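Just so it is clear, the model here is predicted, and its values are computed rather than measured. Start at 1 with the first residue, then count along the sequence.
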Amino acid sequence: MHLLLIRHGQSQNNVIEAAHGAGDEFDRCRSIDPPLSKLGERQAKLLGQHLGAQLRRSKRRVRLLCSSMTRAVQTLMPLAKTLGSNITVRPELHEVKGFYDTAGRE
């Protein structure tokens with residue numbers, strides 16, 4: 001068995017953080033569950049094309065799992081399409097502090 005871990009493409013929060021830094025302005029502007037940016041969408045498309053072609057040639061069984069975060073699902077969609085596979089969304093799969101908590105913020 002081989003396990004491949006794929007990080008999501010660039011998200012809108014990544015764009016905001018690059019523009020404002022990781023301070024208060026970023027906290028005010030960021031989204032709880034950001035979608036991919038335009039660059040992130042292109043990255044996901046390239047992932048689907050290139051990794052998808054490699055995995056199809058290998059003829060190995062592939063199972064796609066991801067967190068329930070929008071950016072994770074969006075990143076895997078082109079790969080799933082290339083492989084003709086379904087994505088299994090597993091909410092328990094997420095990075096530490098992956099969900100942004102707005103509790104206590106004004």
Side-chain angles (χ1 to χ4, degrees):
M1 173 175 68
H2 292 88
L3 175 66
L4 301 176
L5 300 176
I6 300 168
R7 187 180 190 273
H8 60 80
Q10 182 189 61
S11 74
Q12 290 294 338
N13 279 355
N14 297 138
V15 173
I16 293 167
E17 185 175 16
H20 299 287
D24 291 339
E25 184 64 22
F26 172 61
D27 286 342
R28 280 191 291 278
C29 296
R30 74 185 292 191
S31 170
I32 293 171
D33 186 17
L36 293 178
S37 67
K38 292 293 182 193
L39 174 59
E41 290 171 359
R42 287 194 305 275
Q43 292 168 335
K45 182 179 177 182
L46 289 169
L47 174 75
Q49 290 172 349
H50 295 281
L51 182 58
Q54 291 175 12
L55 291 173
R56 284 177 59 186
R57 281 193 305 270
S58 76
K59 301 198 185 317
R60 290 184 179 263
R61 182 171 169 246
V62 174
R63 186 166 176 205
L64 302 175
L65 304 161
C66 72
S67 77
S68 58
M69 300 299 289
T70 299
R71 62 189 181 256
V73 175
Q74 288 178 304
T75 298
L76 275 187
M77 285 174 55
L79 181 59
K81 184 177 179 180
T82 298
L83 297 173
S85 297
N86 293 318
I87 298 171
T88 301
V89 175
R90 303 288 300 263
E92 70 275 14
L93 297 177
H94 61 84
E95 61 203 31
V96 174
K97 298 183 182 179
F99 289 92
Y100 177 58
D101 182 9
T102 59
R105 302 225 180 241
E106 295 180 24

Exercise. Looking at SG of C29 and NE2 of H20, how far apart are the two atoms once the value is rounded to the nearest 0.5 Å?
Worked result: 4.5 Å
Seminar exercise, completed: Sorted by chain and residue number, the side-chain contact (heavy atoms from CB on, under 4.5 Å) partners of R61 (sequence neighbours excluded) come out as none
Problem set entry | Under 4.5 Å side-chain linkage, directly or through intermediates, the cluster mates of L3 | L5
For this session: Report the residues that fulfil side chain to side chain donor-acceptor pair (under 3.5 Å) with T75, sequence neighbours left out, ordered by chain and then residue number.
Result: none
Exercise. How would you list all residue pairs meeting salt bridge (charged side-chain N to carboxylate O under 4.0 Å, His left out) that involve residues 2-18, not counting sequence neighbours?
Worked result: none
Exercise. Under a 4.5 Å cut-off applied to non-hydrogen side-chain atoms, are N86 and L64 in contact?
Worked result: no
Problem set entry | Interatomic distance, I16 atom CD1 to R28 atom CZ [nearest 0.5 angstrom] | 12.5 Å
Problem set entry | By side chain to side chain donor-acceptor pair (under 3.5 Å) - contacts of T70 (at least two apart) | D33
Exercise. Below 4.5 Å, heavy atoms only, C-beta onward: do R71 and P34 meet side chain to side chain?
Worked result: yes
For this session: Supply the atom-to-atom distance H8 NE2 to S67 OG, rounded to the nearest 0.5 angstrom.
Result: 8.0 Å
Exercise. Heavy-atom distance under 4.5 Å between the side chains of I87 and M77, does that happen here?
Worked result: yes
May I have the list of side-chain donor-acceptor pairs in residues 38-57 shorter than 3.5 Å, sequence neighbours left out?
from	atom 1	to	atom 2	distance (Å)
Q43	OE1	Q10	N	2.7

Exercise. Got S37 and N14 here, is their nearest side-chain heavy-atom distance under 4.5 Å?
Worked result: no
Exercise. Would M69 end up clustered with L4 when hydrophobic side chains under 4.5 Å apart are linked, directly or stepwise?
Worked result: no
Seminar exercise, completed: Residue pairs passing the salt bridge (charged side-chain N to carboxylate O under 4.0 Å, His left out) test with at least one member in residues 85-94, sequence neighbours excluded, are R90-E92
Exercise. Is it true that F26 and L36 fall in one hydrophobic cluster, defined by side-chain heavy atoms closer than 4.5 Å?
Worked result: no
